[in-house]
Amino acid sequence: MTLLQVQGATRRFGGLIAVDNVSMDVAAGEIVGVIGPNGAGKTTLFNLISGFTPLSGGEIRFDGARIDGEKTFAIARKGVGRTFQNLRIFPNMSLFDNVSVGAIGMLGAGPLSSLRRDTKVATEIAERTWTALERVDLAREAHTLAANLSYGKRKYLEIARALAMAPKLLILDEPAAGLNDSETHTLAAFIRDLHAGGMTVLLVEHNMALVMSICRRVVVLASGRKIADGAPDAVRADPLVLESYLGVEEEA
Amino acid sequence: DKPVVKLGYQLPLTGNTAQYGQDFRTAAEIALARFNSAGKPFKVEIVFEDSRSDAKEGVAIARKFVDDKAIVGVLGDFTSGVSMASAQVYKEAGMPQLSQTASHPDYAKISPWQFRNITTQAQEGPYNADWMKARGYKKVAIIAEQTDWGQTVVSNFADEFKKAGGQVVFSEFFNRGLADFRPLIAKIAREKPDAIYTGFFYEDAAQFLKQMKQLGVTIPVHSTSAAYNQQLIQLAGADAEGMHLTATFLPSNPDPKVQDFVTAWKAKSNGVDPGQFPAQAFDAVNIMLAAVERASPNPTREKVRDELAKTKAFPGVTGETTFGPDREPAKKLAKTVVRNGQFVAVEN
Amino acid sequence: MSAPILSISGLRVKMGAQEILHGLDLACGKGEIVAVLGANGAGKTTLMRTISGVYRAGAGAIRFEGEDIANARSHDIVRKGLLQAPEGRQIFSNMTVRENLVLGGGALRGAEMDRVLELFPQLRDRLSQIAGSLSGGEQQMLCIGRALMQRPRMLLLDEPSLGLAPKIVQLIFNLVTRIREQGVSILIVEQNARAALKVADHAAVMEGGRIGLSGRASELASDPRVVELYLGGHA
Amino acid sequence: MSDRFRARLIAIGFLALVFVAAPAALTAFGKSYYWQVADLALIFALLAGSMHLVTGVAGLLQLGHAAFYGVGAYAAALLATKAGLSLAFTLPLAGLSAATIAVLVALPTMRLVSIYFAVATLAIGQMLYLIMLNWVEVTKGPNGIMLFSGMKFAGLDLSRPLPTYLVVAATVCVSLFVLHRLSHSYYGNALRALREDDQCADAMGVDTVRLKIEAFGVSGFFAGVAGALWAHTAGFISPPDFSFQTSILILAMVVVGGLGSLPGAVLGAFILILLPEALRPFGDFRNIAVGVVLFASILFVPKGLIGEVSALDFARRQLAGAWRRDGAGAEIGWR
Amino acid sequence: MDFYLQQLAIGLSVGMTYALIAIGFTLIFGVLNVVNFAHGEVYTIGAFAGLLVVTTFAPPLLAVLLAVLAVGAFVGVGLERLAFRPFRRFSDEASLKSRAMRESTLMSSLALSIIAREALEIAFGSRFQSVPVAAMINQPIALGPVTITNGDLIILGVAALMLIGLQYVLRHTQVGLSIRAVSNNPLGAKYVGVDVDRTIVWTFAVGSMLGAVAGVLVGFYYGAIFANMGFTPGVKAFVAMVMGGLSSIPGAVVCALLLGVCESLSTAFVSSVWSDMVAYGFLIVTLIFFPRGIFGGARERV
Ligand SMILES: Nc1ncnc2c1ncn2[C@@H]1O[C@H](COP(=O)(O)OP(=O)(O)OP(=O)(O)O)[C@@H](O)[C@H]1O
Ligand SMILES: Nc1ncnc2c1ncn2[C@@H]1O[C@H](COP(=O)(O)OP(=O)(O)OP(=O)(O)O)[C@@H](O)[C@H]1O
Ligand SMILES: [Mg+2]
Ligand SMILES: [Mg+2]
């Protein structure tokens, strides 16, 4: 079943066409990688999907319904969780509080029910938050301020926050940036784990090793256009991709 | 030693209206010094408290005064707003309150404990209306500050002026401390009135007059005793020339009481003549002191109140004060004009 | 190792009550590339910021060309020719690309600008674009370019390959070698250990606020612990 | 000691302090002045608490808070004088009117962020102030409104100091409890997310616009309640009580106490009300002294006398304000 | 028609006085992204300094302005030391991003402004000071149906000079670039070798010089110098700055003029008491259509 369907998505910034008539599908339970040179429009594509940037043309469907034109939070509530390329954590909040926001947003909890303690909503939020924190192994530090975290842990914090939303589609924008090889391995295992649990993942990554090892399908963007879409090995051998993205001397 | 009777005085000693409060304190100190050196069988002390023209501070001060059993009467506050908020406390606790300036029409109605010795616009407005009518003005523009007092300036004047057959061609308020009166002046000038009747204090008066000159508008200006202050002439200079206004107090009045006060005042304030408000405060304090004296020995708040109510033809520097049954004063008003940098009395 | 251009000894840095660097020693020879590896949170960025005078050094010495620059003010450090392309890029997001570069360049702007744009042709087309709207990789190029504008004697790079496409990463590492050939010494913090060890002369591994291992880059690249921890298990 | 038990203990201790110890001490002093100051401090504690929700927790710098205080005061005064309603009705109705106005004016400004929002609130505050001052037909303009009736409830005369104090204290305590629950529960977390990064919160499914409006409305409600308390205790209100200076005073309370910290806001209110009174003996210099104290406290404790972290920790751990995970007893606070 | 022309002229001249204050205010906001609540007091101090100079030496206006510039610079540097620098000791990320820090400087400058105002009040009283007639700059000049004053021309000249000078400095000099860099990203500025402290001190000095000159000019224009004179124009300048988009000085000037015209026309068409209402309403409407001010940039991308 197709979970996400992007059709002819276009986005212009003034004269610049950042995303140019891109179409792609993501089936439920898939892990799809999006790669492409810097400035190819990958983040912009993700912003279009998650509703941060309005489309200049085309349409986006999620779970069968059109979501372009919807408000960002409404799209999130439909089940699109994301992380940001330039980390966006809540620095003056504890890790627990950071992650809880994901659950709070999804449950749409209002002020009245918060007047009583230990309501069902509250328990549910706590439950989801702890689960997400444990999942990324940050539960022990749940009470420290997010600002005191190192870069790598912030990445996991962001992921945990998205997981607390219990999304149907998880969008990761360069999750491995700033991680060393062994950390990347851990991350890869982590994502595979998520996938095994049934999560659909769409990710942008420049770390080819990660992309090649976890994605069944890779979409390549260049200058806003889709130039390739297929199995990792096929994409890797594509001369166009080699030239514009990977460079001649290829990474191991 | 002599027994001590205490009075409270709540007034703005800091903040935007501090200049008025400071003057009241100076005037009160003069009055008090006279009284205490006159060989009375008891001594009076005045407790000054700064209200900053802020109602919440005023109410707290009122409570403080009420708590002090030795205080038998209170003077102040400056603005009607603060005076009236405090009045609720005095009403409930039974404390005579005499304000030198509160001009809100409802102030004295709050309870039998509230008095004031400022001429209300109920008296001054019609007086000015008749005066201006007599000077032959048919079309008049009115402006006044947007305060409780300004409201009474406009309504009392306009009612009488219209009754006398005049026409009010323009009537508007402005917010106190308005920096630029020119849009308003231009608007008045467009109506081509014979004269302008104004309700403002001396600072706004000075700005208004200077800016009229700036725009080349030469319509005669009349005002109330609130603008009566030597500072007006200092600030506006030649632009103040020819402004007409009423007053109950003239420093040039040869009456020895007045001259005595003027000398004492000048000694305390760099030789500047006192204006209407200090004189008002000076009289208020004296009226209160006289009531205390009549209520002695062992004055109580009730006794002081009753004696205040009996004040009849009290000879003050602002003329004689009599409290009617409504605890409002009746005063004799004088006509003045600014001429050669002086306020001078005129007949017409 | 040749005479060190930068030598750090016994450096201690505290953030609030917590000590993050506990007496760290590190040296970088003139004209050398030294790579610093380390897990997340090891304190690499803290070290880099302290060298540039952004954080206060609690104790210890930082000598640059023989002069102690510990706790010197950051602009004096820059003036001595010690430049950094920091973590998080720290570009001026609502100024144009050109203004960002010019700010880096001071008096040298004209000549250096051409050189830098030659290295990063992609920036040339975007000179008057607001820097905040650049893509992540473009911002990284801008950040390095900005540091190069001042003709550094020594360059500190904090994860320069972060967020860059493989092709650009290669470019950056080629660049690092080229910059070194021009006599600039380089201290580079990298998570891409493989690439970093390839270009570096020396390397050090940071663990919990101290230098754990250090030595020639080629030796470290075959050290089993490094292989295990930073090279994903295979050399 | 279980957290429930400890929370009860603290709550009982606090209530005893406010409703037994304080009145007893005040009665012993026998000075109505102290009662007055206590009432005032409580009213401003509520004002600061309500501003804390928007400015401290939700991070929306609010420069027009006094206007909602004014709307509440005017609503109460008009209802009491025109319709003869008693305190039991005027309090909630004043809150509701202020909340309604707050929501109405919030609607067009919710797209604004940071300082733009602050200036919009400043403008709205000034506009409401001008309405109070100049809409003479309804508000009586500069003449203000006098509540001859004093404070009455169900035929009881509450205008003596003790009953007045008890009414004020009870209202303020209940309101502060609600504010405490709002800012220390998950709802507070949503607001905090808004403060830290609204775009990011949006991506988490938080309806930021609605949240802003809600926070604004709730904060307006309690400011309105405070206004009603002021109207009934003072017996006379006029526009200058609700000017920009009052907004700044409330903001100063929140900042001195610690942005984001409810106990801080309350403490800040106590300090900035009590200090100028305590400094009366210094005469003309007392306001300079207030400035100096303000300056020193910001300089030496820039995160506030009770910072957000410790306030949250206390509220969640000691007051059992945390919500918990089913089964596992883990508490959620800050350490 | 003449009436409206006259009102327009008055509005422009009122707007000019707001613009004069807004320029320095915006400059300071531009570097620190914090509101300097004490700017109104700098303005007041400038006016008092000018008055003292005039009453003791009676020098020509230009000399008064120079003296006031010196006072302004001094006050600005002092203000920065006391109210702003102490809060830069925190360089960790949480503090840099924390609003508490930003609001701390807002409050510290507010506290200093309270101290300054109360001190002025104790020293000079809160009454209006009388300005010697010779020093006043309000000689009427008739331009056809419209009357303006020599003060309008002087203020226009000074404001234009300030505006053009600052625009040149900010856009075309390294100093100006540094100022904008510090405003945009103080941490980044450190990495490119900008002396952040010095840049900030200089900006404060210059901004306060402009503020002080504004004070003395407006003081001599209206002949109203008093301890609380900075409050209302300070608020108006703040509003103009925000309407203009915060960091755009020309934007602030244009909006200050708009505000002035708006006030005088609303007095003409409605009434004086409601003129502020119209001005604030105008602000709200502007912000609804331009949520980041008329000349403000877009929000940073995600
Ligand atoms: N708000 C904007 N205004 C103007 N240009 C923009 C804006 N957002 C993005 N762009 C431009 O659109 C292009 C695509 O940017 P995008 O961030 O999507 O690239 P990307 O593929 O994510 O690159 P990277 O891998 O470096 O993150 C870039 O050239 C960028 O400069
Ligand atoms: N402002 C701060 N206050 C308290 N602790 C901090 C602060 N900044 C950093 N730390 C802590 O210092 C340690 C080192 O952080 P640093 O950013 O230097 O690590 P790093 O080696 O650069 O990691 P990464 O590879 O993730 O960038 C981390 O444990 C971090 O939590
Ligand atoms: Mg991207
Ligand atoms: Mg780092």
Side-chain angles (χ1 to χ4, degrees), chain D residues 55-56 59 61 63 105 108-109 111-120 122-127 129-131 133-134 141 195-197 199-200 203 244-245 248 251-252 254-256 258-260 284-304 307-308, chain E residues 29 33-35 37 82-83 86-87 89-90 95 97-119 121-122 231 235 238-239 241-243 245-246 271 273-277 279-285 287-288 290-293 296 299-302:
Chain D
T55 300
L61 184 56
L63 296 178
V105 298
T109 54
R111 253 181 355 126
L112 304 177
V113 291
S114 69
I115 202 88
Y116 296 97
F117 179 82
V119 164
L122 180 145
I124 285 164
Q126 292 296 86
M127 287 164 86
Y129 171 74
L130 287 168
I131 290 175
L133 185 64
N134 294 321
R195 168 188 76 190
E196 297 288 304
D197 189 334
Q199 291 177 321
C200 179
F244 181 58
Q245 273 85 356
I248 293 296
L251 179 63
V254 176
V255 173
V256 167
L259 273 172
D284 295 356
F285 286 90
R286 76 190 169 110
N287 294 301
I288 290 205
V290 172
V292 170
V293 169
L294 192 61
F295 183 67
S297 84
I298 296 158
L299 187 63
F300 297 117
V301 251
K303 291 190 173 167
E308 177 171 29
Chain E
F29 184 92
N33 276 310
V34 290
V35 178
F37 256 111
L82 287 172
F87 299 98
R89 64 179 187 259
F90 307 95
S95 299
K97 290 217 169 132
S98 135
R99 285 206 172 75
M101 281 300 151
R102 212 172 319 145
E103 261 118 62
S104 292
T105 53
L106 191 125
M107 278 297 135
S108 63
S109 64
L110 176 72
L112 281 190
S113 88
I114 292 176
I115 295 172
R117 187 168 55 233
E118 297 293 334
E121 215 177 276
I122 289 175
F231 178 74
V235 171
F238 183 31
V239 167
M241 172 181 86
V242 171
M243 260 169 94
L246 288 183
S271 102
V273 287
W274 292 112
S275 75
D276 271 0
M277 186 87 175
Y280 287 121
F282 187 53
L283 167 78
I284 297 285
V285 172
L287 286 181
I288 290 174
F290 303 93
R292 303 185 62 81
R299 243 192 123 166
E300 245 167 72
R301 66 170 290 204
V302 182

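Computed from a predicted structure; not experimentally measured. A, B, ... follow the sequence lines: proteins, then strands. Residue 1 opens every chain.
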Top residue by heavy-atom pair count (under 4.5 Å) with chain E, among D/Leu130, D/Ile248, D/Thr109?
D/Leu130

Using a cut-off of under 4.5 Å on heavy-atom pairs, state which of E/Ile114, E/Leu283, E/Leu82, E/Val242 scores highest against chain D.
E/Val242

D/Tyr116 and E/Arg292: which non-hydrogen atoms are nearest, and at how many Å?
OH-O, 3.0 Å

If I compare all heavy atoms of D/Arg111 with all of E/Pro291, which pair ends up nearest, and what's the gap?
NH2-CG, 3.4 Å

Mind ranking D/Val105, D/Leu122, D/Val256 by heavy-atom pairs under 4.5 Å with chain E and telling me who comes out on top?
D/Leu122

Could you please spell out the steps behind the side chain to side chain contact (heavy atoms under 4.5 Å, CB included) verdict for D/Leu251 and E/Leu106?
CA-CA 10 Å; D/Leu251 179 63; E/Leu106 191 125; 4.0 Å; yes

Turns out that what part of D/Phe117 lies under 4.5 Å from chain E's heavy atoms comes down to neither

Compare every heavy atom of E/Ser108 with every heavy atom of E/Ala83, then report the nearest pair and how far apart it is.
O-OG, 2.7 Å

Side chain, backbone, both or neither: which part of E/Ile288 has a heavy atom under 4.5 Å from chain D?
both

Just do the side chain to side chain contact (heavy atoms under 4.5 Å, CB included) check on E/Val235 and E/Tyr280 with the steps written out, would you?
CA-CA 11 Å; E/Val235 171; E/Tyr280 287 121; 3.5 Å; yes

Residue, of D/Ile131, D/Asn134, D/Leu294, that accumulates the most heavy atom pairs under 4.5 Å with chain E:
D/Asn134

I need the minimum non-hydrogen distance between E/Ile284 and D/Ala123, along with the two atoms involved.
CD1-CB, 4.0 Å

Side chain, backbone, both or neither: which part of D/Leu133 has an atom under 4.5 Å from a heavy atom of chain E?
neither

Taking all non-hydrogen atoms of both residues, which atom of D/Asn287 and which atom of E/Glu118 are closest, and how far apart?
CB-CD, 3.4 Å

Do you know which of E/Asp276, E/Leu246, E/Leu112 has the most heavy-atom pairs under 4.5 Å to chain D?
E/Leu246

Considering only heavy atoms, which portion of E/Val285 lies under 4.5 Å from any heavy atom of chain D: side chain, backbone, both, or neither?
neither

Chain D shares the most heavy-atom pairs under 4.5 Å, among E/Phe37, E/Phe238, E/Phe231, E/Trp274, with E/Trp274

For E/Ile122, which atoms come within 4.5 Å of any heavy atom of chain D: side chain, backbone, both, or neither?
side chain

How about D/Phe244: does its CZ atom have over 12 heavy atoms from other parts shown lying under 6.0 Å from it?
yes

Structural part of E/Leu287 lying under 4.5 Å from a heavy atom of chain D:
both

